[in-house]
There are 2 protein chains.
Amino acid sequence: MAHSYDDVGMRDVARDVGVDAALVSRYFGGKEELFLDVLDSCKNKRSLIDGDRTEFGLRVARQIIEGPEDEDDNGFTGLLVLLRSIGSSKAMDIVQRTSDANFFQPLTEWLGGKHAAGRARLLAGMIMGVAISREMSAGYSEVAGVERETMVQRFAAILQAEVDAG
Amino acid sequence: MAHSYDDVGMRDVARDVGVDAALVSRYFGGKEELFLDVLDSCKNKRSLIDGDRTEFGLRVARQIIEGPEDEDDNGFTGLLVLLRSIGSSKAMDIVQRTSDANFFQPLTEWLGGKHAAGRARLLAGMIMGVAISREMSAGYSEVAGVERETMVQRFAAILQAEVDAG
DNA sequence: AAGTCTTGTCAACAGCTGATGACAAGCTCA
DNA sequence: TGAGCTTGTCATCAGCTGTTGACAAGACTT
C-alpha cells in the first residue's frame with residue numbers, strides 16, 4: 001500500500017531497501033527531495049491520458065472503482081500518495097506544484113476545446129474523490145458487486161461526457 | 001483554515017484557547033478522543049442534506065467550487081478536516097468510522113431509491129474530490145471567474161442527475 | 001602500491017510529539 | 001472553617017523524527 005508523506009519515515013524507506021537511514025537522507029539530499037523524486041518517477045506513466053479517447057471514461061472508472069488487479073503500481077499510486085499527503089504542511093508545497101505540473105496541466109492540454117481548464121479541474125477532482133472515497137470507507141460500507149458495476153457504468157458516462165464536452 | 005490530524009498539535013490547540021496543553025490532553029482524554037469530539041460536533045449540521053432537494057446540485061456545487069463567503073464553518077470544514085487527515089495512520093480508524101457514520105450512511109438514506117449506496121458513494125466522492133482539488137492547485141492554475149461559473153453549472157447538473165437517478 | 005571516490009554503517013544530535021505526576025489557586029458546600 | 005472538587009500550570013518523561021559527523025571497507029585510477 002502507498003502511504004503519505006508524514007506517515008513514511010526515512011527509517012522505513014531505508015529498511016525496505018535494506019540500507020541505513022543515513023544513506024537515504026544523504027543520497028537524496030533530504031526527505032523533501034526524496035519525495036519529489038518519487039513523485040517525478042511516477043509522472044511518465046500518464047496512464048490517465050494514454051489510450052483510446054473514446055473509452056477514457058470506462059477505462060478510468062473501472063480502474064478507480066474496481067481497483068488494480070495487480071498489487072503493484074497501477075498508474076494511480078502516485079496520485080494516491082499525492083492525495084494522502086495533502087494535509088501535511090511540510091509536503092504541501094511539493095504536492096501543489098507536482099499535482100499541477102504532472103496532473104492538472106497535462107490533462108488540460110489533452111482535453112483541449114472550450115473551458116479546458118475548468119473541465120480538467122472537474123474531471124481530476126471527480127477522479128481523485130472517487131478514488132479516495134474507496135479507501136475512506138474501506139471495510140465499512142462495502143458496495144456489493146452488482147451495484148459496483150452500475151457505479152462503474154454511471155461514473156464512466158459522467159467522465160466521458162466531460163471529455164467530449166470540448 | 002482547517003488543518004489535518006497530524007498537522008495540529010496539542011500545544012497548537014491549547015494556544016488557540018489560551019490554555020496549557022496538559023489541560024487539553026487531560027480534559028478530552030487524549031488526542032484521538034479530541035479529534036473524535038471535534039468531528040462529532042460537525043455532524044449535526046447536515047448542510048449537505050438540508051435544503052431543497054431539487055436544488056441540491058446547484059447548492060452544493062456553488063458552495064464547493066466558489067468556496068464559503070464567510071471564513072467560518074461553512075458545513076464542509078468537518079469534511080475537509082476528514083479529507084486532510086487521510087494518510088495519517090493514527091487517525092485512519094477514526095476517519096473511516098466517522099466518514100461512514102456521519103457522511104456516507106446519512107447520504108445513502110437521504111438519497112433512497114435504486115442503488116442508493118452506490119450513488120451515495122459516487123456523489124460523496126465527486127464532492128470530496130472537487131473540494132480538495134481546489135486547494136491542491138491553490139495559487140497555481142487558478143480558474144478564471146467566467147470559467148468557474150461554467151464549472152458550477154456543469155458540476156451542479158452532474159450532482160443533480162445522481163440525486164434524481166433513484 | 002598509493003591515493004581517492006563511492007558505498008555504507010554507527011552513534012549521536014536537536015527538535016518535536018503526546019502524555020503524566022506534582023502541585024497551586026479558586027470555588028462549592030456542609 | 002475546613003473538606004473536596006474543578007480548573008489550571010509547570011516540569012518532565014519516553015518516543016519518535018530527519019539529519020550529520022566520524023569512520024570503515026571496497027573499488028577504481030594513476
Side-chain angles (χ1 to χ4, degrees), chain A residues 1-43 77-99 101-102 135-136, chain B residues 1-43 77-99 101-102 135-136:
Chain A
M1 217 223 271
H3 298 86
S4 69
Y5 179 85
D6 284 329
D7 225 42
V8 177
M10 285 289 163
R11 288 167 176 85
D12 299 322
V13 178
R15 196 184 317 117
D16 274 16
V17 204
V19 143
D20 191 86
L23 183 63
V24 181
S25 191
R26 247 199 264 278
Y27 184 82
F28 287 93
K31 192 183 181 183
E32 299 202 355
E33 282 85 349
L34 165 63
F35 188 52
L36 200 58
D37 274 24
V38 169
L39 291 180
D40 271 346
S41 78
C42 297
K43 86 171 175 187
T77 19
L79 183 59
L80 280 177
V81 172
L82 220 55
L83 276 172
R84 273 187 278 254
S85 300
I86 243 181
S88 161
S89 58
K90 278 170 266 182
M92 191 169 53
D93 277 359
I94 301 179
V95 165
Q96 290 184 341
R97 200 165 2 182
T98 307
S99 63
N102 297 350
E135 61 185 45
M136 272 186 75
Chain B
M1 219 227 272
H3 298 87
S4 70
Y5 180 85
D6 283 330
D7 226 40
V8 177
M10 285 290 158
R11 287 165 178 86
D12 299 321
V13 178
R15 195 183 316 116
D16 274 17
V17 204
V19 142
D20 192 86
L23 183 63
V24 182
S25 192
R26 247 197 265 279
Y27 184 82
F28 288 93
K31 192 183 181 183
E32 299 202 356
E33 282 86 349
L34 165 64
F35 188 52
L36 199 59
D37 274 24
V38 170
L39 291 180
D40 270 348
S41 79
C42 298
K43 87 171 173 187
T77 18
L79 182 59
L80 280 177
V81 172
L82 219 55
L83 276 171
R84 272 188 278 255
S85 298
I86 242 182
S88 162
S89 58
K90 277 170 268 179
M92 190 169 53
D93 277 359
I94 301 179
V95 166
Q96 290 184 341
R97 201 166 3 183
T98 306
S99 63
N102 297 350
E135 61 186 43
M136 273 186 75

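First the proteins, then the strands, lettered A, B, ... as listed; each starts at 1.
- Taken residue by residue, residues 6-16 of chain A places heavy atoms nearer than 4.0 Å to DNA chain C at R11(A).
- Atom P of nucleotide dG18(C) and atom NZ of K90(B) are separated by 7 Å, given to the nearest angstrom.
- If you take NZ of K31(B) and P of dT17(C), they are 9 Å apart, rounded to a whole angstrom.
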Exercise for the section: Mark up nucleotides 22-27 of chain D, 5' to 3', with B wherever a protein heavy atom is under 4.0 angstrom from a base atom, S wherever such an atom reaches only the sugar-phosphate, and - elsewhere. Expected result: B-----

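- Within the 4.5 Å cutoff, side-chain heavy atoms of F35(B) are placed close to those of V81(B).
- Distance from the side chain of S25(B) is smallest to dT20(C) among dT20(C), dG18(D), dT9(C).
- Counting only distance, with no hydrogens or angles, the side chain of S85(B) and the backbone of Y5(B) share a donor-acceptor pair below 3.5 Å.
- One finds the OG1 atom of T98(B) at 5.0 Å from the CG atom of L39(B) (value rounded to the nearest 0.5 Å).
- Under a 3.5 Å cut-off, the side chain of S99(B) and the backbone N or O of Q96(B) do form a donor-acceptor pair.
- A search for ring pair (Phe, Tyr, Trp, His ring centres under 6.0 Å) contacts involving F28(B) returns nothing, not counting sequence neighbours.
- Between the CZ atom of F28(B) and the P atom of dG18(C) there is a distance of 14 Å, given to the nearest Å.
- Between D20(A) and L23(B), the residue anchored closer to the 5' end of DNA chain C is D20(A), taking for each the nucleotide with the nearest heavy atom.
- One distance of note links CG of D37(A) with CD1 of I94(A); it measures 9.5 Å at 0.5 Å rounding.
- Looking at L36(B) and R97(B), their side chains never come closer than 4.5 Å, going by heavy atoms from C-beta outward.
- At whole-Å resolution of the value, CZ in F35(B) and P in dT17(C) are 17 Å apart.
- Here the CD-CZ distance, from E135(A) to R84(A), works out to 4.0 Å after rounding to the nearest 0.5 Å.
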